[in-house]
Protein chains: 2
Amino acid sequence: MTETNEEYEVTQMPIWSAGEEWCGVTASMQLIGKKWHPVIISRLLKHGTLRFNQLQDEIGDITNKVLSDSLEDLQQKNLVARTVVNEKPVRVEYELTEQGKSLKPVIEALHKWGTTHVQPVTNDEDTLTQ
Amino acid sequence: MTETNEEYEVTQMPIWSAGEEWCGVTASMQLIGKKWHPVIISRLLKHGTLRFNQLQDEIGDITNKVLSDSLEDLQQKNLVARTVVNEKPVRVEYELTEQGKSLKPVIEALHKWGTTHVQPVTNDEDTLTQ
DNA sequence: AAACTTAGTTTCGTTACGAAACGCTAAAGT
DNA sequence: ACTTTAGCGTTTCGTAACGAAACTAAGTTT
């Protein structure tokens, strides 16, 4: 097909091109700036290792496709590792790499802000009490 | 725009519905989980007040449309305030609300992680143009 | 054989993001 | 009087990300 395994293609995209001032926030966003990445990482931080369906249950509202796509992206960015355990039925485990674990302070900051500055609306859709 | 408006209506979208376990990370993501939001907020944290073009220059790679859309979303979420100063030519200023300023620890965590765990690539791999 | 489990993939529709061009107001240059 | 410049966007159109729902595939249990 392709001469030199173009599938892999080291998609370490150019984080920042010349001239522009490089910024840590921008850099972080290139790696975890997708909708579900921080949530997935938070669950793996909490549980260490999770299987596909466990992860999905923990998150709650994510579809198969989006979880699958997100995990693929996270692997490709070396934040998550995927292991196939040969049992029957086959078991697939996801866990954070060291790089992924290093995101702990970021996730903690997100968690803290979310819990202290966003109130969960306790639903029933008519409580406009704040 | 400050008076009651049926179009406005939602005020605070349902962050989480009943049975699901609510999580601070998910909540945060609902508010700042867009590609450019953290970067925009970081610039406003740094400079206090910025005009449209200043903000665009500070960020570097964002288009008019996306910056405009993002700012609109941030206003709607009460993280950014927009002020029109009636000069000639008209001046429009953006700054963080108190709620927006409270994101400082989150942005700092992102900044720190980005600067310590992502290296700026300096365009190796193909050094043809630069 | 039918149903279930795990771990996804396929299809298709909607929303977010991007590039480039254009619009508007008003001053300033020629 | 025109053209250019500056500020602050909007319009148009194309691609990528996200989502809902159905489906696949290997093996297991009923």
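Note that the coordinates shown come from a computational prediction; the quantities given were computed from them, not determined experimentally. Quick note on labels: first sequence line is chain A, next is B, and so on, each numbered from 1.
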If you only use heavy atoms from C-beta on, which nucleotide in [options] is closest to the side chain of [X]?
X        : options                  : answer
Val90(B) : dG8(C), dC8(D), dA21(D)  : dC8(D)
Val66(B) : dG8(C), dC17(C), dG19(D) : dC17(C)
Arg51(B) : dA20(D), dG7(D), dA7(C)  : dG7(D)
Thr63(B) : dT9(C), dG9(D), dG18(C)  : dG18(C)
Ser68(B) : dG9(D), dC17(C), dA7(C)  : dG9(D)
Tyr94(B) : dG8(C), dG9(D), dA16(C)  : dG9(D)
Arg91(A) : dC8(D), dA7(C), dG9(D)   : dA7(C)
Arg82(A) : dA7(C), dC8(D), dA17(D)  : dA7(C)
Trp36(B) : dG18(C), dG9(D), dG19(D) : dG18(C)

### Task
With heavy atoms under 4.0 Å as the rule, sort Val92(A) into base, sugar-phosphate or nothing.
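Sugar-phosphate, backbone atoms only, no base.
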### Task
Give one of base, sugar-phosphate or nothing for Lys65(B), where a contact means two heavy atoms less than 4.0 Å apart.
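Base contact.
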#### Entry: Other residues, nucleotides, ligands: >12 heavy atoms within 6.0 Å of His37(B) NE2
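It does: His37(B) NE2 has more than 12 such atoms within range.
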### Message
Output the rounded distance in Å from CE (Met29(B)) to P (dC18(D)).
### Response
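Distance, rounded to whole Å: 12 Å.
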### Task
Round to a whole Å and report the spacing from CG of Asn53(A) to C1' of dT5(C).
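Atom-to-atom, Asn53(A) to dT5(C), this comes out as 8 Å.
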### Sole residue of Arg43(A), Lys101(A), Lys104(A) in side chain to side chain contact (heavy atoms under 4.5 Å, CB included) with Leu96(A)
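In the set Arg43(A), Lys101(A), Lys104(A), the residue that makes a side chain to side chain contact (heavy atoms under 4.5 Å, CB included) with Leu96(A) is Lys101(A).
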### Task
Could you check Val80(B), Thr49(B), Leu50(B) and say which one makes a side chain to side chain contact (heavy atoms under 4.5 Å, CB included) with Glu95(B)?
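Of all the options given, the one that passes is Thr49(B).
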### Met29(B) and Lys35(A): CA distance, side-chain angles, deciding distance, side chain to side chain contact (heavy atoms under 4.5 Å, CB included) verdict
CA-CA 7 Å; Met29(B) 282 298 110; Lys35(A) 181 162 184 180; 5.9 Å; no
### Message
Please determine whether residues Val85(B) and Tyr94(B) belong to a single hydrophobic cluster, defined as Ile, Leu, Val, Met, Phe, Trp and Tyr linked transitively by side-chain heavy-atom distances below 4.5 Å.
### Response
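Different clusters: Val85(B) never reaches Tyr94(B) through Ile, Leu, Val, Met, Phe, Trp or Tyr contacts under 4.5 Å.
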### Query
More 5' along DNA chain D: Pro89(A) or Lys35(A), using each one's nearest nucleotide?
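So the residue in question is Lys35(A).
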### Query
Checking only heavy atoms, does the side chain of Asn64(B) share a donor-acceptor pair with the base of dG9(D) at less than 3.5 Å?
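In this structure, the two groups form a donor-acceptor pair.
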